[in-house]
Amino acid sequence: MPLPIARVTPDPIDQQSLLASVATPADGALILFIGQVREMNEGRPVSGLDYEAYAPMAEREMERIAAEASDRWAIGRVAIEHRTGALQIGDAAVAVAVAAPHRDPAYQASRYIIDEIKKRVPIWKRERYADGDLRWVDGVQPALP
Amino acid sequence: MQIEVLLFGMYREMAGTETVRLDLPGAAIASDAIAALRARGGSFARLPTEPVIAIDHEYARLQTPLHEGAELALIPPIAGG
């Protein structure tokens with residue numbers, strides 16, 4: 001399997017390109033998961049989220065996660081992009097593209113990858129309130145190997 | 001030995017800086033570096049005593065020995081994805 005693409009980028013995610021990058025003629029199933037910024041806060045208007053990453057380590061962990069998914073399920077290529085910087089409501093923060101001959105392994109791998117990203121990858125986010133205030137979103141203790 | 005400490009998220013905000021160079025004795029382990037960092041006082045004293053850490057881009061235990069040029073990152077609770 002070619003090396004998975006796992007990138008941290010300040011640029012808007014090109015979702016269709018990401019999906020196209022994993023597809024080969026051997027694949028009957030293409031799954032694209034998008035994590036987008038939603039208005040999380042109750043009662044206090046949020047204008048967006050600021051994402052920050054420890055980029056080299058985040059990329060390394062995402063590559064590793066993609067490799068684990070490849071070992072566990074009969075899938076083809078994987079590509080992951082996580083965006084950093086100031087995002088608006090509705091912007092794609094993370095995209096996970098998985099190609100596989102069949103959909104069942106693709107669905108399972110896709111789910112595994114996003115769940116692991118949330119548990120392990122050194123990325124943080126801060127809510128930006130309409131009044132200019134900033135608040136770090138509660139995180140989780142990373143799952144150590 | 002000299003190591004590079006990287007601070008992220010709320011730790012970066014607490015300490016008021018993204019990066020610190022530390023001089024440590026030859027046999028120092030990660031927790032020695034954390035203690036040295038906090039001992040700088042001021043906003044550094046607000047950092048936790050036992051943060052999650054990474055050494056050279058890998059999560060590591062606080063008892064892990066350091067080496068010359070190591071990159072030690074303090075990792076606040078994560079919220080990616």
Side-chain angles (χ1 to χ4, degrees), chain A residues 6-9 13 33-38 40 49-65 80-84 87 92-96 110-127 134-145, chain B residues 2-22 29-35 37-38 42-81:
Chain A
R7 208 180 288 133
V8 170
T9 174
I13 296 170
F33 171 82
I34 300 294
Q36 68 169 29
V37 176
R38 65 182 171 97
M40 306 166 62
L49 291 177
D50 291 346
Y51 278 89
E52 178 179 337
Y54 183 12
M57 184 175 169
E59 288 180 343
R60 187 188 231 177
E61 273 302 301
M62 294 193 305
E63 261 172 36
R64 191 172 284 159
I65 291 165
I80 304 168
E81 271 193 20
H82 203 303
R83 195 171 161 196
T84 54
L87 272 61
V94 62
V96 178
S110 171
R111 182 61 196 256
Y112 174 82
I113 291 166
I114 186 61
D115 284 353
E116 289 299 297
I117 287 171
K118 287 177 167 293
K119 289 184 209 167
R120 285 157 61 175
V121 176
I123 292 178
W124 304 272
K125 56 189 182 244
R126 233 181 350 185
E127 283 175 326
L134 296 163
R135 189 191 79 93
W136 291 103
V137 172
D138 289 334
V140 296
Q141 183 95 334
L144 270 59
Chain B
Q2 197 171 71
I3 68 158
E4 179 109 29
V5 177
L6 301 186
L7 297 162
F8 292 96
M10 71 174 84
Y11 297 165
R12 178 181 51 70
E13 207 171 59
M14 256 180 219
T17 185
E18 291 180 347
T19 168
V20 179
R21 271 261 151 100
L22 277 186
I29 61 175
S31 57
D32 297 328
I34 302 301
L37 191 65
R38 298 184 73 253
S43 43
F44 289 103
R46 295 159 65 192
L47 292 167
T49 51
E50 299 195 321
V52 170
I53 56 148
I55 298 171
D56 300 334
H57 306 163
E58 300 280 353
Y59 288 116
R61 314 261 164 213
L62 287 163
Q63 303 78 33
T64 309
L66 297 167
H67 59 88
E68 175 67 40
E71 184 170 288
L72 173 67
L74 274 65
I75 310 277
I78 59 172

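Just so we're on the same page: letters track the sequence lines, and every chain starts at 1.
Interface summary for chain B: among His82(A), Gln141(A), Lys119(A), the most heavy-atom pairs under 4.5 angstrom belong to His82(A).
Dense packing is recorded around CD of Glu68(B), with more than 12 heavy atoms of other residues, nucleotides or ligands lying under 6.0 Å away. Counting non-hydrogen atoms of other residues, nucleotides and ligands closer than 6.0 Å to CZ of Arg111(A) gives a total of 12 or fewer.
Judged by distance alone, with hydrogens and angles left aside, the side-chain atoms of Trp124(A) form no donor-acceptor pair with the main-chain N or O of Phe8(B) at under 3.5 Å. Between the side chain of Arg12(B) and the main chain of Thr17(B), no donor-acceptor pair closer than 3.5 Å is present.
Contacts of Glu13(B) with chain A are made by side-chain atoms alone, with heavy-atom separations under 4.5 Å and no backbone atom involved. With a threshold of 4.5 angstrom between heavy atoms, Ala53(A) approaches chain B through N, CA, C or O but not through any side-chain atom. Within the 4.5 angstrom heavy-atom criterion, atoms from both the backbone and the side chain of Val140(A) approach chain B. For a residue to count as touching a neighbouring chain, one of its non-hydrogen atoms must lie under 4.5 Å from one of that chain's; by this rule Asp138(A) touches chain B with the backbone only. Proximity to chain B involves both the backbone and the side chain of Tyr54(A), based on heavy atoms less than 4.5 angstrom apart. Using a 4.5 Å cut-off between heavy atoms, Arg64(A) contacts chain B through its side chain alone, with no backbone atom that close.
Salt bridge status for Glu58(B) with Arg60(A): present, with a side-chain N to carboxylate O gap under 4.0 Å.
Side chains of Glu4(B) and Thr19(B): a donor on one and an acceptor on the other come within 3.5 Å.
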